[in-house]
Structure formats: C-alpha cells, structure tokens
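Before any comments, here is the structure.
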2 protein chains.
Amino acid sequence: MLSEFSLIDRFFARRARGARPADDGSLGIGDDCALLAPRPGEMLAISTDMLVEGRHFFADVDPHALGHKALAVNLSDLAAMGARPQAFTLAFALPQAHEDWLAAFSDGLFALAERYDCELIGGDTTAGPLNLCITVFGSVPPGQALRRDAAQAGDDIWISGTLGDARAGLGVLRGEWSADATDAATFRRALERPEPRVALGLALRGVARAALDLSDGLAGDLLHILERSHLQAQVAVDAVPRSAALRRLPAEVQRRCTLAGGDDYELCFTAPASARAAVEAAGRSVAVPVTRIGTISDLQSAADNPAIRWLDAAGSPLTLTLQGFDHFHAD
Amino acid sequence: MLSEFSLIDRFFARRARGARPADDGSLGIGDDCALLAPRPGEMLAISTDMLVEGRHFFADVDPHALGHKALAVNLSDLAAMGARPQAFTLAFALPQAHEDWLAAFSDGLFALAERYDCELIGGDTTAGPLNLCITVFGSVPPGQALRRDAAQAGDDIWISGTLGDARAGLGVLRGEWSADATDAATFRRALERPEPRVALGLALRGVARAALDLSDGLAGDLLHILERSHLQAQVAVDAVPRSAALRRLPAEVQRRCTLAGGDDYELCFTAPASARAAVEAAGRSVAVPVTRIGTISDLQSAADNPAIRWLDAAGSPLTLTLQGFDHFHAD
C-alpha cells in the first residue's frame with residue numbers, strides 16, 4: 001500500500017504549502033500541525049464538508065469535476081460568510097490509488113484552489129471506501145461576517161445567479177425527465193462544477209445583512225435564516241431566477257427544481273430596502289446577477305413559527321408540496 | 001433518514017458551542033462557518049485525521065472508546081506542536097444512526113474534549129460507510145512551536161511514557177501472542193484510550209527543540225525529524241521505555257512493539273544536553289515520565305542519508321529488521 005500511497009505525495013504534497021515558515025510564521029504540510037493566522041484584526045471562518053460516493057456523487061463521476069466540486073462546496077460556505085479564502089486541509093479515504101484518477105482529481109482541486117489563492121496546508125490519506133473531507137479556512141472581520149441570524153423585518157430577500165439547474169441535471173442522469181443535448185450539458189455543468197460565489201460574498205460585506213449558501217434547496221435553506229433570526233418570509237415563486245434551459249422543462253419541474261432542488265451553491269441573502277442600489281452595484285462589480293425574490297417580516301405572534309409564505313404572480317398564497325422531492329444528499 | 005439524523009443534533013449540537021458570538025467574536029455550530037481566532041500574538045495549529053472502520057478500529061469497538069480515541073489522536077498532534085487545544089470540527093459518515101451507539105460515542109468524545117476545554121465548533125454528518133474526520137485547532141506562539149525541523153546535532157532524544165503497549169494489545173486481539181487478563185487489559189487500554197500528552201507539550205515550550213507524536217512507531221516517526229532536520233540519530237534499543245506488562249512478553253516482541261508498534265501517541269522530542277534538568281522538571285510538573293533514549297548527530301557526509309543507528313546495551317550496532325511489522329494503520 002505504501003508504494004501506491006506515495007502517489008498521493010506526488011499529486012498533493014508537491015502542490016501544497018510546505019513546512020517552511022512564511023514571513024508571517026505560517027506553516028504547511030510536513031509537520032504535526034499546520035500553523036495559520038487570520039489577517040490582522042480578522043477571524044478565521046472555518047467550515048468542513050464530507051462527500052461520500054453514492055450520496056454526493058456517482059462512482060463514475062469525472063474525477064476532475066469531483067476535485068473541483070469537493071473544494072467548491074467548501075469555498076461556497078466561506079462566500080456565504082463574506083470570508084476571503086486562505087487555506088484548506090484535505091483528508092480522504094480511497095479504495096485504491098489509481099494514478100490517472102488521482103492526477104485528474106488533484107488537477108480539478110488545485111485549478112480551483114489556485115484561482116482563489118487557497119493553499120493546501122494539511123491532510124490525511126487512508127485506504128477505505130471513497131470519502132473526501134475538506135476543511136476550509138477564510139479570513140473575515142468579525143463585524144462584517146454575513147451571519148444567518150442577522151436578518152431584519154423589512155429586508156429584501158435576494159438570490160445570486162439562477163436556481164434549479166443542478167437538480168435538473170440530476171433528474172436527467174436519473175431519467176426523471178429529459179432535455180436536449182445542449183440543455184443537458186448546461187444542467188450537468190451546474191451539478192458537477194458549481195462556482196462558489198466568493199467574490200460576491202466579499203462585495204456584500206457591509207451591504208447585506210444575513211446570508212447563506214443554497215446547498216439543500218431554497219425552501220429548506222431560507223428557513224435556516226428565518227429560524228435563527230426569528231422572522232418569516234414572503235417569496236414570489238415566479239420571481240425565483242432560472243436559466244433559459246430550465247424554462248424549457250415542465251412548469252412543475254421548474255418550480256420544484258428552483259425551490260427544493262439543492263446543490264445550487266448560490267447565495268441567498270437579505271439586505272435593507274435602502275440598499276437595493278448597493279446590492280445591484282455589488283452584483284455588477286463581480287459580474288454575478290442578483291435577483292430580489294421576496295421580503296422578510298416579523299412573526300405575527302409569539303406563538304408563530306418561522307415559515308415561508310409562497311406567493312404566485314398575482315400575489316396570492318400558494319400551497320406547495322415540496323416534501324419528498326429528494327436531491328442528491330438529503331441529510 | 002432525517003428523523004434518524006436528528007439524533008445527531010441531540011448528541012452533538014447541544015454540547016457544541018452555538019452560533020451566539022462570544023466576547024471575542026468567535027462563533028460555533030449553526031452558521032455557514034464557525035469563527036475562530038488564536039490567542040493574541042499566537043497562531044492556530046491545525047491538524048486533521050481520518051479514521052476508517054477496519055483500518056483504524058474494529059467494527060465492534062466500544063463506541064465510547066472510539067469517541068475518545070478519535071479526538072485523542074488529533075489532540076496528540078497539538079501536543080507535539082506545543083499548542084493549547086481550543087476547538088475542533090467533526091465530520092462523519094454513518095451507515096445508520098443507532099441511538100445507543102451515538103450516545104456512547106459522543107460521551108467518549110465530549111469527556112475528553114471537556115477535559116481539555118476544546119469546543120466542537122462545526123461539523124457535517126452524512127450516511128455512508130463509517131468514517132470519522134476530525135480537524136483540531138490549538139493556539140501556539142509561532143516562535144515556541146515544537147517543529148520537526150528544529151533538531152540540532154548534540155541534542156538528546158527523549159520519549160514520554162512507555163512505548164509498545166498499544167501494538168501489544170493489537171497482537172493479543174489478533175492472536176499473535178497472548179497475555180494474562182491483567183496485562184491484556186493494560187494493553188487494550190493503551191490501544192483504545194491513548195492519553196494525548198497535551199500538558200507535556202505545553203511544558204516543553206522553550207525547553208525542547210524538535211518534537212512529534214508517535215503514531216506509526218518510533219523507527220518511522222523519528223526518521224521524520226531526522227529527514228526534516230538533515231541529521232542522524234543513535235538510539236539505545238534497551239533504553240526505550242516499556243511497561244511492566246510488556247516486559248512479560250518475549251524479548252523480540254518487546255523490541256518490535258516498542259520500535260515499530262505504532263498507535264503510541266507518546267511524544268518523541270529532542271533537547272540540548274544542557275536542558276536535561278529542565279526536561280525532567282517539565283515531565284515532573286505534569287506527572288509524565290520522560291526517558292532519554294539516544295542522541296542526534298550530524299550526517300557523516302553530504303551523501304549520507306538521515307538514518308537511525310540502533311545500539312545494544314554494550315553500545316554495539318544492531319541490525320534490526322522492522323519492515324513488514326504492520327501496525328493498525330500502515331498508510
């Protein structure tokens with residue numbers, strides 16, 4: 001096994017920060033621990049995600065895409081906090097070490113890491129059923145972190161990009177619906193190569209109030225903001241942005257994919273109505289479309305529960321059944 | 001699955017630091033990221049370890065012991081750096097969520113975490129083959145970190161505690177050798193409940209030069225210090241400390257368990273000869289025995305490779321065959 005695992009050194013350790021101290025005292029792979037500090041006056045934002053074969057990706061997934069996505073979903077958590085990526089650790093279990101697979105996986109991983117100047121500083125490898133665990137570190141001034149509990153009544157609710165394409169792609173792969181080759185490629189790209197909204201998260205510091213990234217679907221994720229902020233929301237279902245490709249699927253599929261699709265990795269955030277121009281300017285500054293889909297309001301009474309009221313195009317309440325619409329990872 | 005996984009909230013999130021900001025701005029579970037900073041003027045020491053069923057522990061392991069060990073092996077990395085434990089994240093995959101198992105596992109985990117004031121600040125749970133990935137954070141002044149590349153010619157080599165009991169315990173479980181019930185219990189405790197040498201690591205700041213923790217066996221691990229420091233070592237084989245229980249096994253088994261056993265989680269460190277009294281005082285101050293087992297010296301020539309020369313009681317060179325003596329995790 002050792003000779004196989006020396007491949008890992010070749011594909012990972014050589015592209016990682018080594019254990020030579022930098023000017024700031026930081027230290028990478030090769031010692032018992034890495035040493036890292038946030039920027040002066042800032043804090044480290046830390047998130048960890050575990051990806052398991054069959055649950056978060058298919059066994060035959062393109063390993064380059066898997067390397068990209070494993071880091072992308074973690075960078076998305078930094079984006080949702082308004083944190084600047086700094087470093088990550090990678091622990092993984094592999095049934096066996098295939099050179100081609102590791103070469104492609106590490107290429108996908110480091111291509112994204114290098115784009116965000118995010119260095120591999122530590123890791124662990126072992127034999128076992130395929131499992132990827134990344135912990136990512138960013139830096140953020142604590143007062144500017146975009147927290148889930150910071151929404152206020154009267155805030156607008158915003159979405160970056162479009163929702164639903166990743167779930168549409170999963171449906172095509174599963175045979176739940178079909179699409180022409182061009183649309184299917186659009187969906188599959190959304191599923192396999194999500195783009196973390198890091199630049200938007202940074203641009204929203206001091207502009208947005210609450211934020212999170214959409215990994216489990218808008219309906220479930222927005223509820224996290226409402227629960228932590230003790231508020232409710234009204235969302236205009238037809239205002240939720242979707243791609244031209246998704247618009248070619250049946251209306252009911254569109255609705256379920258956008259509201260309960262999962263794997264979107266777009267940001268959902270709130271901002272005061274007075275900040276509309278600033279939010280739009282932030283989106284333009286990083287070339288990411290931002291769309292206003294609803295508003296935050298107070299609970300009606302102390303006994304009221306945080307919830308989302310869905311509205312149709314005429315502003316009338318809709319009753320949606322989104323339960324049981326599983327996405328790739330339902331836990 | 002969701003109802004099962006709500007058990008996880010009950011056993012973990014409730015004992016974790018929540019996402020209410022502390023006075024220092026730190027933030028725990030419940031947002032996209034945790035927020036953490038090292039102590040003023042210090043850096044975060046970070047280490048990650050992945051434990052896989054069948055490779056690092058048996059499927060029928062006592063879950064309380066597993067919770068202890070999963071965190072202990074990570075705290076041991078902090079100890080080896082001279083870092084003070086601060087926080088950890090836990091990501092794990094479980095085939096199914098059994099309440100009794102999770103209760104015992106989380107009890108073992110938090111009993112150790114609370115002893116070291118080390119808070120759970122983030123995590124991820126998913127369905128999948130049993131896999132535990134912990135990333136641990138400590139705080140250390142960068143100039144006082146005990147690094148692997150800091151050994152110098154003339155340094156003494158020291159070991160904390162005793163070596164070999166964990167490997168002896170694995171051998172008993174595997175039927176490689178036998179021991180009476182009392183000794184078998186001693187061995188098994190060493191295997192399942194290693195005690196991270198955190199207090200010793202802190203006491204050695206400013207006293208020791210290089211350090212690491214022994215996870216793969218003395219022969220392999222000491223070589224890491226030698227390689228990173230470009231030095232060689234002489235070790236008196238019979239000076240390597242071992243328990244009374246281990247002394248009752250055959251001499252050849254003792255030697256292999258102490259030198260290539262793995263899973264010891266004792267510290268191996270170097271310090272100048274002038275610091276002998278200070279090292280012994282550090283050990284006494286935390287009630288951990290420390291034993292001098294050899295010395296560090298320069299390579300004979302530029303072409304020479306870092307290596308360990310093993311010496312017998314008379315000081316004569318020994319040729320040891322330690323290859324192929326596998327311990328619990330050989331990767």
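Values in this document were obtained by computation on a predicted structure and should not be read as measured data. Here is the naming used below: chain letters follow the sequence lines, and residue numbers restart at 1 for every chain.
- Counting only heavy atoms from C-beta outward, the side chains of A:Pro129 and B:Val52 approach each other to under 4.5 Å.
- Across every non-hydrogen atom of A:Ala145 and B:Leu35, the tightest pair is CB-CD1, 4.0 Å.
- Interface residue B:Leu146: only backbone heavy atoms are found under 4.5 Å from chain A.
- The closest donor-acceptor contact from the side chain of A:Asp31 to the backbone of B:Arg147 lies at 3.5 Å or more, if one exists at all.
- Among residues 202-213 of chain B, the residues having any heavy atom closer than 4.5 Å to a heavy atom of chain A are, in sequence order, B:Ala211, B:Leu212, B:Asp213.
- At a heavy-atom separation below 4.5 angstrom, chain B is approached by A:Thr135, A:Phe137, A:Val140 within residues 135-142 of chain A.
- Most heavy-atom pairs under 4.5 Å with chain B, from the set A:Thr89, A:Ile225, A:Leu130, A:Asn131: that is A:Asn131.
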side-chain contact (heavy atoms from CB on, under 4.5 Å) between A:Leu44 and B:Leu44, intermediate numbers included: CA-CA 9 Å; A:Leu44 280 185; B:Leu44 280 185; 3.3 Å; yes
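- Comparing B:Ser76, B:Gly123, B:Gly128 by how many heavy-atom pairs each has under 4.5 Å with chain A, the most go to B:Gly123.
- Inter-residue side-chain proximity for B:Thr48 and A:Cys133 is flagged as unmet; no heavy-atom pair is nearer than 4.5 Å.
- Contact count against chain B (heavy-atom pairs under 4.5 Å) is highest for A:Ala93 among A:Ala93, A:Ala79, A:Pro40.
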Pair B:Cys33-A:Ile46, side-chain contact (heavy atoms from CB on, under 4.5 Å): steps then yes or no: CA-CA 5 Å; B:Cys33 295; A:Ile46 301 170; 5.7 Å; no
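- Heavy atoms closer than 4.5 Å to chain B are found in both the backbone and the side chain of A:Ala34.
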Residue pair B:Leu27, A:Met43: steps toward the side-chain contact (heavy atoms from CB on, under 4.5 Å) verdict: CA-CA 10 Å; B:Leu27 194 71; A:Met43 300 194 77; over 6 Å; no
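- Counting only heavy atoms from C-beta outward, the side chains of B:Asp32 and A:His224 never approach each other to under 4.5 Å.
- Side chain of B:Asp124 to backbone of A:Met50: a donor-acceptor contact under 3.5 angstrom is found.
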